[in-house]
Amino acid sequence: MKLLLTGSSGFIGSHLRPLLEAQFDVYHLSSDLRDHEAIAKEVAAFSPEIIVHLAARTEVEKSFYEQVAFSEINYVGSVNLIEAASRLPNLKNFVFASTMEVYGWQPISDEVVKNIIPKEYIAFDEHTQPNPNAPYSVAKYGVEKYLEYMHRSCGFPFSAVRQTNCYGRKDNNFFITEQIISQMLANPNEINLGYAEPYRNFIYIDDLLDVWMEIITHPEKVQGLIFTLGPDNPIKIRDYVNLIANKMQWTGTINWDTKPKRQGEIYWLNSNCNLITKTLGWKPKTSLNDGLDKTIAVLRTKQ
């Protein structure tokens with residue numbers, strides 16, 4: 001089966017690529033997503049049956065300062081690809097990498113700011129109303145709505161994955177988990193971080209790759225569905241940093257609030273995997289403790 005992959009050089013794409021190439025005839029899109037004519041020509045020439053769309057600007061914080069660039073690449077670029085895909089004769093599924101950031105502000109966020117946490121943690125799912133609160137997440141949610149419109153009006157086959165914060169990177173320390181570990185490895189005395197109070201949930205790279213492969217290889221079961229992935233394991237960033245420090249036996253000073261305040265900071269993001277478990281039988285296998293141990297071990301070798 002022919003599969004077109006975008007974003008093959010990114011974090012998820014570079015890990016997913018060898019798994020896909022073992023099962024599919026994989027073509028890597030090379031045109032700029034903003035170039036409608038080039039995208040249409042390249043997609044038509046390969047004529048894939050599956051499209052996996054990972055390409056995007058993903059640095060949420062930067063989207064507040066590069067709003068137009070994020071909108072052009074993440075929304076307009078995706079629409080260009082969707083429209084090109086809609087002309088394919090044998091398209092079985094268009095799988096889109098969305099984000100849990102689309103949930104944005106929720107009533108629980110105000111409670112978290114006041115340090116009032118429910119006795120039972122709240123996990124967002126596919127029925128939770130999104131309220132995206134960053135240029136990055138607004139663009140991603142826009143693509144979701146465009147896909148729903150295409151599915152409803154034209155029968156366009158799609159699935160979307162609202163990804164949780166993923167960790168396990170070997171060569172990138174921009175994102176929170178790897179940033180914390182890398183700073184602790186480089187400096188035994190102190191590290192500089194942003195906000196301590198938000199809650200997030202985390203999924204290990206192996207679990208994320210596993211669920212992507214399940215969705216990609218079962219197009220007939222996932223038509224028109226948007227999935228959250230979980231795991232339902234919310235942890236305050238302050239506690240997350242302390243957990244990592246204990247694992248690394250790091251005893252330095254943490255300097256909080258050393259980054260510019262982010263507009264529209266979201267204080268609660270957590271999700272479950274109930275729908276995808278019901279649909280495909282998938283559940284994450286790697287605990288947060290085990291995943292962090294693996295990530296720390298890999299990053300130690302890079303020092």
Side-chain angles (χ1 to χ4, degrees), residues 1-31 33 35-56 74-99 102 126 140-163 207-229 273-283:
M1 188 179 292
K2 298 169 74 174
L3 182 147
L4 184 146
L5 177 64
T6 78
S8 59
S9 62
F11 171 50
I12 304 301
S14 61
H15 287 78
L16 197 57
R17 178 175 180 170
L19 302 177
L20 292 173
E21 290 177 342
Q23 296 192 42
F24 297 92
D25 175 12
V26 179
Y27 178 84
H28 305 278
L29 189 76
S30 60
S31 296
L33 284 168
D35 189 334
H36 178 76
E37 291 185 5
I39 290 294
K41 183 176 180 180
E42 196 171 353
V43 169
F46 183 63
S47 192
E49 296 155 272
I50 300 286
I51 292 178
V52 177
H53 181 32
L54 303 174
N74 291 5
Y75 179 73
V76 176
S78 296
V79 170
N80 283 338
L81 185 62
I82 294 166
E83 287 297 330
S86 70
R87 304 183 189 102
L88 294 172
N90 297 306
L91 184 67
K92 290 182 170 55
N93 206 17
F94 183 105
V95 190
F96 171 61
S98 187
T99 173
V102 301
E126 299 77 11
K140 286 287 189 178
Y141 188 50
V143 178
E144 285 188 14
K145 302 311 288 183
Y146 201 91
L147 285 167
E148 289 181 330
Y149 140 71
M150 287 290 289
H151 181 71
R152 184 171 57 248
S153 301
C154 311
F156 185 79
F158 88 94
S159 305
V161 183
R162 288 176 178 165
Q163 298 188 148
D207 287 328
L208 185 62
L209 295 175
D210 186 38
V211 70
W212 269 98
M213 289 302 296
E214 286 292 314
I215 291 169
I216 292 166
T217 56
H218 294 92
E220 72 286 352
K221 295 183 179 180
V222 295
Q223 291 298 303
L225 295 178
I226 296 173
F227 296 106
T228 57
L229 301 181
C273 59
N274 295 347
L275 178 60
I276 199 161
T277 299
K278 180 180 178 181
T279 305
L280 295 175
W282 175 88
K283 288 182 179 180

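Fair warning: this is a prediction, and the values are worked out from it, not measured in the lab. Along the sequence shown, residues carry numbers from 1. Values below: every heavy atom of this structure, side chains too, minus hydrogens, waters and symmetry copies.
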Check for a donor-acceptor pair, side chain of [X] on one end and backbone N or O of [Y] on the other, with a separation under 3.5 Å.
| X | Y | result |
| --- | --- | --- |
| S153 | M150 | no |
| E42 | S30 | yes |
| T279 | I276 | no |

Sequence neighbours left out, what passes side chain to side chain donor-acceptor pair (under 3.5 Å) with Q23? Give chain and number order.
none

Looking at residues at least two apart in the chain, or sitting in another chain, which of them share a side chain to side chain donor-acceptor pair (under 3.5 Å) with N74?
none

Closest approach of [X] to [Y] (non-hydrogen atoms, all atoms of both residues):
| X | Y | value |
| --- | --- | --- |
| E148 | K145 | OE1-NZ, 2.8 Å |
| S47 | P89 | OG-CD, 3.7 Å |
| P18 | S14 | CD-O, 3.4 Å |
| I215 | S159 | CG2-CB, 4.2 Å |
| W282 | T277 | O-OG1, 2.7 Å |
| A97 | K140 | O-NZ, 2.6 Å |

Are V143 and I82 close enough, and set up right, to give a side-chain contact (heavy atoms from CB on, under 4.5 Å), and what steps lead you there?
CA-CA 9 Å; V143 178; I82 294 166; 4.1 Å; yes

Contact between [X] and [Y] at the side-chain level, heavy atoms closer than 4.5 Å - yes or no?
| X | Y | value |
| --- | --- | --- |
| S98 | I226 | no |
| L20 | M213 | yes |
| F158 | H53 | no |
| Q223 | N93 | yes |

Under 6.0 Å from the NZ atom of K92, do we count more than 12 heavy atoms belonging to anything else shown?
yes

Other residues, nucleotides, ligands: >12 heavy atoms within 6.0 Å of E220 CD:
yes

Between F156 and F94, how do the two ring planes meet: parallel, tilted or perpendicular, split at 30° and 60°?
tilted

Derivation and outcome, side-chain contact (heavy atoms from CB on, under 4.5 Å), residues F96 and S78
CA-CA 9 Å; F96 171 61; S78 296; 4.2 Å; yes

Point-to-point distance, once rounded to the nearest 0.5 Å, from [atom1] of [X] to [atom2] of [Y]:
| X | Y | atom1 | atom2 | value |
| --- | --- | --- | --- | --- |
| E49 | L4 | CD | CG | 12.0 Å |
| N274 | K283 | CG | NZ | 8.5 Å |
| K221 | L280 | NZ | CG | 6.5 Å |

Pick from V161, I12, L3: which one makes a side chain to side chain contact (heavy atoms under 4.5 Å, CB included) with V52?
L3

With I51 as partner, the option from I216, L91, L29 fulfilling side chain to side chain contact (heavy atoms under 4.5 Å, CB included) is L91

Not counting sequence neighbours, which residues clear ring pair (Phe, Tyr, Trp, His ring centres under 6.0 Å) with F24? List them please.
none

Going through the checks in order, is the side-chain contact (heavy atoms from CB on, under 4.5 Å) test met by F227 and V222?
CA-CA 9 Å; F227 296 106; V222 295; 3.8 Å; yes

Working note: L33 + N80, criterion side-chain contact (heavy atoms from CB on, under 4.5 Å); need CA distance, chi angles, decisive distance, verdict.
CA-CA 7 Å; L33 284 168; N80 283 338; 5.8 Å; no

Apply salt bridge (Lys or Arg N to Asp or Glu O under 4.0 Å) to the pair E126 and R162, showing each step before the final yes or no.
CA-CA 9 Å; E126 299 77 11; R162 288 176 178 165; over 6 Å; no

Would you call E21-R17 a salt bridge at under 4.0 Å N-O?
yes

Is the cationic atom of K2 (NZ for Lys, CZ for Arg) positioned less than 6.0 Å from the six-membered ring centroid of F46 and within 45 degrees of its normal?
yes

